[in-house]
Amino acid sequence: MTLSLFWKVSLAFSSLLTFGQSAPTQRHGFPTQGSHHFTPAKAIYLITNDASNAVAAVPIGADGTLSKGTLTATGGAGGNSIDGATKEPAAPDALVGQSALTIAGNFIFAVNPRSNTLSMLSINPWCPTELTLVGQPVALPGQFPNTVAASAKNGLVCVGTTGAVNGVSCSSFSRKGLSPTDGLRSFDFVQTTPPVGPTNTVSQLFFSEDESRLFATVKGDPTVNNTGFFSVFPVNGGGWHSASSLASQDTRSSPSGTAVLFGSADIPGTSNVFVTDASFGGAIIAVDPATNTASTLAKQEIAGQKATCWATISSVTGSAFVTDVAVNRLIEMSLQDASIISTLDLSSNGDPGLIDLKAAGNFIYALSPGNGTTPAAVTVVDVSGGSGSAKQIQHFDLSGTGVDKNAQGMAVF
Ligand SMILES: *[C@@H]1O[C@H](CO)[C@@H](O)[C@H](O)[C@H]1NC(C)=O
Ligand SMILES: *[C@@H]1O[C@H](CO)[C@@H](O)[C@H](O)[C@H]1NC(C)=O
């Protein structure tokens, strides 16, 4: 199919989709979210990524606002990539990625970058800030894990490592804990441990909406003519709770006009993905379900951007929201053509910029780890009025919860 034909089919398909009217889906045991009926989220989670790594669980009140949370040790150590410009440990954005932790069912999976391990914790659903470590962290065959994806449907959790030994490895999980991981599927790029970034590193692992494939975004380095790529690994076998495994070989493609692919989100009801690219802004790529190759459908430069790297999709607005670690604003972009819908300037709250973020019901939660001078904080944005309505309702200081500039990740329950 030619790109232009694909465009038309895709546009026709997407015009059939109306957010909030699509059939409710109950995936991962998450509360169903839609613009009309959804169970409010109960807590957000991130990793401190400090020497003694911990998961911070921050409760969400009925009005969407945050209050003081808890810390639960992961049993592993956090770490910092090296900032290629300063040669110093990087922070904020210590892990040069999105999804340093993730949720499937009532379980949290969190990376321990310095110890090369993955931890599993359970969430008490009646008290979602009460977490319990399940078993011991499992050793990974790669170095410097910075992103994790989990599939409840397949009982599979996969970790991206971005150090000298880089690639993807997976483990099966059950309520008893994690199994030993399988072998490394190498990305074969030349790096060090810890990695020197942000370019030439793994950005994010995430499953397709139907959990039949694992996606990975890998950043290139435009300064040395090294193009990044989008990697697709099929999940073999499986079905509900039967043994699944990840294919040993991926399909890699470099969607035209992209170079430094970063945080991404599946566009609901399509096989398209909204991706950020740190070198220009945001894009929509089509992942061909037959060939597993990715191609660019739309691309949008963001004027004045420094590093647009994190993305989430809100079912209430039917749009994507992206953040920039060095510009403190939230940009809303179209899921049809990636055009900019709105810009919420947050500069008056004092953060240097934002990293990981999650949409949940009527709200968006965006993390600023701070820079050591400014404290780590989460900006809470109300989008209940739909597209174009974003407004800050809270700037919640995380230093009282024991979170600092090394923090990374965002998951919501
Ligand atoms: C960059 O790489 C591409 C693809 O390998 C090649 O065609 C092109 O000539 C290279 N450009 C430079 C400046 O090296
Ligand atoms: C931290 O960020 C604030 C707000 O942007 C800025 O004023 C300050 O200079 C930064 N400090 C460092 C050490 O980068």
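Just so you know, ligand 1 is whichever comes first in the structure, and atom 1 is the first atom listed for that ligand. Owing to the predicted nature of the structure, the values given are computational and were not obtained by experimental measurement.
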Pair L121-V134, side chain to side chain contact (heavy atoms under 4.5 Å, CB included): steps then yes or no: CA-CA 5 Å; L121 302 93; V134 182; 5.6 Å; no

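- Protein heavy atom nearest atom 2 (O) of ligand 2, with residue, atom name and distance: N371 ND2, 2.3 Å.
- Distance screen at 4.0 Å: atom 5 (O) of ligand 2 has a protein heavy-atom neighbour inside the cut-off.
- At the shortest separation from atom 13 (C) of ligand 2 among protein heavy atoms lies T373 OG1, 3.5 Å.
- For atom 11 (N) of ligand 2, a protein heavy-atom neighbour is present inside the 4.0 Å cut-off.
- In this structure, a donor-acceptor pair under 3.5 Å is absent between the side chains of T162 and N146.
- Near G350, meaning under 4.0 Å from any of its heavy atoms, are these atoms of ligand 2: 4 (C).
- Heavy atoms only, all atoms of each residue included: T117 and A139 are closest at CG2-CA, 4.0 Å.
- With ring centers used as reference points, F187 lies under 6.0 Å from F229.
- Under the 30°/60° scheme for interplanar angles, the aromatic rings of F215 and F206 are found to stand perpendicular.
- Proximity to T374 (heavy-atom distance under 4.0 Å) selects the following atoms of ligand 2: 2 (O), 3 (C), 4 (C).
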